[in-house]
Novice: 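There's a structure below that I have some questions on.
Throughout, a chain's letter reflects where its sequence line sits, starting with A, and its residues are numbered from 1.
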2 protein chains.
Amino acid sequence: MTGKQFSSVWLREPRKATSPGLSREEIVNAAVALLDEEGLAGLSMRKLGAKLQAGATSLYWHVSHKDELLELVYDQVWGEMSVPEPEEAGWREAASALARSMRIVMLRHPWSADLLGRMPALGPNALQIADRLRRIFISAGFQGIDVEYAGSALTAYIYGMTTPEVAWNTVMGERQYDADEMRAQVARVVKDFPGMLERINLDAYDDPQAIRETAFDFGLTSVLDGLERRLTT
Amino acid sequence: MTGKQFSSVWLREPRKATSPGLSREEIVNAAVALLDEEGLAGLSMRKLGAKLQAGATSLYWHVSHKDELLELVYDQVWGEMSVPEPEEAGWREAASALARSMRIVMLRHPWSADLLGRMPALGPNALQIADRLRRIFISAGFQGIDVEYAGSALTAYIYGMTTPEVAWNTVMGERQYDADEMRAQVARVVKDFPGMLERINLDAYDDPQAIRETAFDFGLTSVLDGLERRLTT
DNA sequence: ACCTGAACACCGTTCAAGT
DNA sequence: ACCTGAACACCGTTCAAGT
């Protein structure tokens with residue numbers, strides 16, 4: 001309709017990093033802090049302005065709209081991930097490390113789960129990880145476009161798995177629920193599906209932390225095994 | 001902080017489905033229509049009220065807040081998915097069908113990608129799919145909590161893969177970009193990573209549709225192979 | 001039982017104006 | 001070059017009041 005042009009902060013020159021006024025770095029750091037404290041819904045241009053002791057609208061000089069700000073903080077998140085050089089560590093080791101690192105960072109910055117997969121990842125940190133990801137599957141022996149397919153499958157698994165975990169933590173963090181009461185409520189709603197009732201008592205509402213980590217590794221091993229199989233056939 | 005209680009539309013009795021006034025069904029249908037037209041950001045209580053020829057705040061009688069409305073439309077989406085009975089179709093066939101169906105539905109209702117994995121799925125339709133998912137991996141031979149692990153891995157892959165696809169479509173749908181120009185812009189930003197430059201010309205910006213489907217199937221086969229391997233070791 | 005309007009406390013963004 | 005305040009067009013939600 002409106003004919004909006006494709007745009008990204010990373011496709012235009014940043015404001016000169018000169019001395020006076022707010023720097024991009026200051027803004028991003030304050031934004032990340034605010035996001036960590038109050039979540040994605042808690043980040044408003046007004047609050048961020050206040051945090052920087054500036055007028056709410058001053059930010060629009062450094063950033064053309066809120067989405068650009070989000071692109072900036074998004075890349076900051078990619079910068080927190082650590083992935084070993086695949087040529088040294090071996091591809092499976094590197095892939096596992098990437099997966100676990102991505103999960104940890106998402107759990108540390110719950111709001112990042114809302115950005116992952118929805119926002120162009122063209123920032124320098126994101127590109128660095130993307131390059132390492134590519135080299136992981138190159139060194140595994142994939143060729144041509146399969147390198148990309150394998151990479152997509154891995155990252156899809158990682159954040160597809162971690163997003164619900166983050167959402168769960170967020171809901172649970174706001175109020176400590178009684179495990180038995182939750183079980184009872186879910187049981188009520190699930191009563192028409194007898195097979196699912198048993199399962200409710202299987203998985204512990206009590207220590208989700210450990211279970212979720214096991215679940216993550218279970219799936220990760222499966223994905224890597226499945227990808228490895230593509231190489232031999 | 002606020003001590004918010006865990007709550008869900010599905011945990012309390014609905015308003016009586018009596019004759020007068022708005023019905024839950026009317027509301028949900030109108031909401032889905034509005035979402036399809038204008039996306040998640042386009043759904044406001046005010047607009048939905050107007051669409052129903054009602055005051056904006058009338059909705060609060062049927063729904064205690066916007067999140068409950070979203071839970072309702074969310075379950076509607078689950079209702080559009082079709083999964084064969086795993087005991088008849090065989091587990092791999094059923095799993096593939098579920099995956100493809102989920103992807104299609106997400107592409108049809110782009111806003112659903114923003115809800116998946118973030119919202120409790122306790123509605124009747126969601127539970128039905130969850131039950132089928134469970135039976136898929138039961139009939140595959142998984143036992144105990146592994147049934148759940150396998151199910152989580154599969155669904156994580158599906159929406160981890162489809163969410164970026166939906167986001168891409170949304171961005172692209174607003175304006176038709178020139179494929180060559182996009183390539184050039186990405187090339188500029190990626191210039192420090194020589195290995196990635198080649199890749200840009202590999203994957204066609206021209207027919208993403210077909211490529212994305214191939215990518216989806218590639219990863220799906222891998223995930224299923226990897227899960228199958230858990231059974232034999 | 002169901003709906004209304006006014007009101008409250010917010011949003012992102014634009015823009016003329018200031019220094 | 002950088003920042004400001006006022007203003008515009010929105011939000012979700014509450015609540016007293018209506019029928």
Novice: Just the rounded figure in Å: distance from C1' of dC11(C) to CG of Leu69(A).
Specialist: 15 Å

Novice: Quick one: Leu40(B) CG to dG12(D) C1', roughly how many Å, whole number?
Specialist: 14 Å

Novice: For dG12(C), give the paired nucleotide (Watson-Crick: N1-N3 plus N6-O4 or O6-N4; G-U: N1-O2 and O6-N3; both under 3.5 Å), or none.
Specialist: dC8(D)

Novice: Does CD in Glu25(B) sit with more than 12 non-hydrogen atoms of other residues, nucleotides or ligands closer than 6.0 Å?
Specialist: no

Novice: Touch check for Leu48(A), heavy atoms < 4.0 angstrom, all strands: base, sugar-phosphate only, or nothing?
Specialist: nothing

Novice: What is the distance, rounded to the nearest whole Å, between atom CZ of Arg46(B) and atom C1' of dA7(C)?
Specialist: 10 Å

Novice: Does His62(A) make a side-chain N or O approach to OP1 or OP2 of dA1(D) shorter than 4.0 Å?
Specialist: no

Novice: Please report, rounded to the nearest Å, how far the C1' atom of dT13(D) is from the CD atom of Glu68(B).
Specialist: 13 Å

Novice: If you count every heavy atom of other residues, nucleotides or ligands that lies below 6.0 Å from Gln209(A) atom CD, does the total exceed 12?
Specialist: no

Novice: Is there a donor N/O on one and an acceptor N/O on the other, under 3.5 Å, for the side chain of Thr57(A) and the base of dG12(C)?
Specialist: no

Novice: Do Tyr157(A) and Phe216(A) have their ring centres less than 6.0 Å from each other?
Specialist: yes

Novice: Looking at every strand, decide which applies to Ala54(B) at a 4.0 Å heavy-atom threshold: base, sugar-phosphate, or nothing.
Specialist: sugar-phosphate

Novice: Within the structure shown, what part of the strands sits under 4.0 Å from Ser44(A) by heavy-atom distance: base, sugar-phosphate, or nothing?
Specialist: sugar-phosphate

Novice: Roughly how far apart, to the nearest Å, are dA1(C) and dA17(D) at atom C1'?
Specialist: 15 Å

Novice: How close or far is atom P of dT4(D) from atom CG of Leu52(A), stated in whole angstroms?
Specialist: 10 Å

Novice: Whole-Å distance between dC11(C) P and His65(A) NE2?
Specialist: 19 Å

Novice: Run the side-chain contact (heavy atoms from CB on, under 4.5 Å) test on Trp111(A) and Val77(A) for me, step by step, so that the C-alpha distance in whole Å, both residues' side-chain angles and the decisive distance to 0.1 Å come before the verdict.
Specialist: CA-CA 10 Å; Trp111(A) 46 272; Val77(A) 163; 3.4 Å; yes

Novice: Regarding Arg12(A) and Glu68(A), does a basic nitrogen lie under 4.0 Å from an acidic carboxylate oxygen?
Specialist: yes

Novice: Return the nearest nucleotide to the side chain of Tyr60(B); candidates are dG12(D), dC2(C), dT14(C).
Specialist: dG12(D)

Novice: What is the separation between atom NZ on Lys47(A) and atom C1' on dC10(C), rounded to the nearest whole Å?
Specialist: 9 Å

Novice: Specify the separation, in whole Å, of atom CE of Met45(B) and atom C1' of dC11(C).
Specialist: 17 Å

Novice: Which nucleotide, if any, forms a Watson-Crick or G-U wobble pair with dC2(D), using both distances under 3.5 Å?
Specialist: dG18(C)

